[in-house]
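A short worksheet on the structure shown next.
Here is how names work: the chains are called A, B, and so on, in the same order as the sequence lines, proteins then strands, and each is numbered from 1.
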Amino acid sequence: NLSGRLDAAFKRLKGYGKLSEENIQEGLREVRLAFLEADVNYKVVKDFIASVREKAVGQEVMDSLTPAQQVIKIVHEELINLLGRKFQGLNLAGRQPAVIMLAGLQGSGKTTTAAKLARWLKGKGRRPYLVPADVYRPAAIDQLKSLGAQIKVEVHPTEPGASPVDIARQAVSKAALANLDTVIIDTAGRLHVDEALMSELKDMKSVVEPQETLLVADAMTGQDAVNIANHFDKEIGITGVVLTKLEGDARGGAALSIRAVTGRPIKFVGVGEKLDALEPFHPDRVANRILG
Amino acid sequence: LLGRRTIDPELLDELEEILIMADMGVETVQNIFEQIRSDVRRNELKDPKALRQRLKECLLERLSIQPPDMDFRQKPFVILVVGVNGVGKTTTIAKLAHNLKKQGKSVLLVAADTFRAAAVEQLEAWGRRIGAPVIKHGMNADPSAVAYDGMEAAVKRNVDVVIVDTAGRLHTKVNLMEELKKIRRVLGKKIPGAPHEVLLILDATTGQNAISQARLFNEAARITSIALTKLDGTAKGGIAASITSEMKIPIRYIGIGEGMEDLRPFDPAEFVEALFS
Ligand SMILES: Nc1nc2c(ncn2[C@@H]2O[C@H](COP(=O)(O)OP(=O)(O)OP(=O)(O)O)[C@@H](O)[C@H]2O)c(=O)[nH]1
Ligand SMILES: Nc1nc2c(ncn2[C@@H]2O[C@H](COP(=O)(O)OP(=O)(O)OP(=O)(O)O)[C@@H](O)[C@H]2O)c(=O)[nH]1
Ligand SMILES: [Mg+2]
Ligand SMILES: [Mg+2]
């Protein structure tokens, strides 16, 4: 693991008083390798190492720590700062019913996350309304209806073949009439480079004006995480991220990449297939996995 | 890159960056560049063009594992499809079934994902579109029981090919991998030699975790080939190189879209070209 590798890199450092450009060179190289193995984007790693180097050089080596431990401490601190220290909850203030729109690539976990969020919000005393706005994928509407039934949350009666933007608009009106206060819109998976579908999402957003537009991203995503997040943020505008399938052994470097390139907070993580498997984001968990 | 006239450290760094950003993984890239750098030191590469050519050869070497043709004289030919959640198993099955039907084969689908909401409905919808019947039980049924019924139906109906869809599962979940082992055993009980093909579905946007997926699925189910999906996105799928070179498992297909026609045979040369485009 990284601390073991850093110990080896710093074996020659015993007896030096300060961390210097030269003596941390090899240590930073180990950090870079660990981060790339953890799927952090190449360019994000470059920037991260540069900022760690800046913070580390000139530091006195503390008596209580080995140089390796000291560098890890700086790296860990920088990682936590970047990932976001405080849990940033959902912003549901403003016009009611509040609207949450979920977006992301095919298979990332949007439909499941929509139901998880509905269950979470119900537990917090809100009255959610699930909206199936994916009219493309076979049985997508059935999928959300089935999940809604499991948690006794009302699901909008989407007709196959309707337009996603119309569905969203009608659902918000229906929720208002039924005195439901939080509309959660599940959208079809789409490629960030599919202009027509990205444009559809933009239209939907301008019609329903969601308080939250959450990018649902798979924790095992590799280098392309930067590209994906960048496109969704630049073209649609996201307010936060849900990172799914985090209970596996994926190192989750995508979390750092997405955060670094968009600046948006990771709000929740999916940690299982069942509907209770949603947790507020805590940087420690992801930081430790990336460090390996 | 082609504008450079000499091989210098910057060029090597740039090429390394391209491969790492393609998800090829640090270890695989380092191994390839060890070869490249020694060729450079021995003056075997005259210019950037030769270097790039040599690099492509190294990659082709790793990717060119030719899968044997599926032997359809085995009747029914049984294909078991596995992989983690959301990678495209069900959709790839629909594409594959459609392809086989176009070749004049009769195909039966088995809905052995009894866990996920509307998984059976999804496969049934595809079955209607492509004209393949679907064997199913109710939700939360034992997937092995559905698999067994699927084998019985395949024999009874004298179909050419039967494709078994399974639930997405993380390779780290021991109980789910045990369930998969059981499904595999049950197929073989009813039809000796089944499954004749165990197809692992990998998502091209996945990073290094794909290696862990391939290893553990192989341990549990003995993977015979791989389909790499979602290559119509911007991810390059470089994990393919690490997996084929380390585990010697061939890639049969690539998925390039969500429609039933969006399946192609894997072409290593095309794949290598795309890495640098
Ligand atoms: N292990 C695990 N699986 C998850 C998690 N979240 C979702 N899944 C699974 O991932 C798969 C895909 O989930 P969906 O909710 O259908 O994904 P989606 O983004 O709606 O897919 P499309 O609509 O096709 O784009 C399903 O098998 C889910 O059960 C999670 O946190 N952990
Ligand atoms: N763009 C693109 N999307 C794909 C491809 N293959 C599958 N998909 C999409 O990925 C999503 C998930 O596909 P599924 O077939 O449901 O995946 P799965 O592995 O069966 O999912 P689970 O059963 O929930 O584990 C769907 O939206 C598919 O349309 C592909 O090659 N390209
Ligand atoms: Mg969905
Ligand atoms: Mg499926």
Presence of salt bridge, B:E258 and A:R137, under 4.0 angstrom: no

Going by an N to O cut-off under 4.0 Å, is there a salt bridge joining A:E273 and B:R169? no

May I have the step-by-step check of side chain to side chain contact (heavy atoms under 4.5 Å, CB included) for A:E37 and B:E27, ending in yes or no? CA-CA 9 Å; A:E37 286 166 2; B:E27 199 176 323; 5.9 Å; no

Are a donor atom and an acceptor atom from the side chains of B:T205 and A:D224 found within less than 3.5 Å of each other? no

Measuring heavy-atom distances to chain B, does [X] have an atom under 4.5 Å in its side chain, in its backbone, in both, or in neither?
X: A:H192; result: side chain
X: A:L105; result: side chain
X: A:D194; result: neither
X: A:D249; result: both

In Å and rounded to the nearest 0.5 Å, what is the [atom1] to [atom2] distance from [X] to [Y]?
X: B:T234; Y: A:I228; atom1: OG1; atom2: CD1; value: 6.0 Å
X: A:T244; Y: B:N85; atom1: OG1; atom2: CG; value: 9.0 Å
X: A:L36; Y: B:D23; atom1: CG; atom2: CG; value: 10.5 Å
X: B:L202; Y: A:M220; atom1: CG; atom2: CE; value: 8.5 Å

For chain A, the option from [options] that forms the most heavy-atom pairs under 4.5 Å:
options: B:A125, B:G168, B:A235; result: B:A235
options: B:G238, B:G25, B:G86; result: B:G86
options: B:I239, B:D203, B:D232; result: B:D232

Quick one: are A:K245 and B:V84 in side-chain contact, heavy atoms under 4.5 Å? no

Are the side chains of B:E121 and A:Q143 in touch, meaning some heavy atoms are under 4.5 Å apart? no

Between chain B and each of [options], count heavy-atom pairs under 4.5 Å; write down the option with the most.
options: A:A139, A:A140, A:A38, A:A149; value: A:A139
options: A:K43, A:R251, A:E247; value: A:E247
options: A:G248, A:S146, A:A250; value: A:A250

Flag if over 12 foreign heavy atoms under 6.0 Å of [atom1], [X]:
X: B:K89; atom1: NZ; result: yes
X: A:K202; atom1: NZ; result: yes
X: B:K181; atom1: NZ; result: yes

Nearest non-hydrogen partners of [X] and [Y], listed with the distance:
X: B:I20; Y: A:Y42; result: CG2-CD1, 3.7 Å
X: A:Y136; Y: B:R129; result: O-NH2, 4.3 Å
X: B:K230; Y: A:Q106; result: NZ-O, 3.0 Å

So which part of [X] gets closer than 4.5 Å to some heavy atom of chain A, the side chain, the backbone, both or neither?
X: B:E124; answer: neither
X: B:K236; answer: neither
X: B:I211; answer: neither

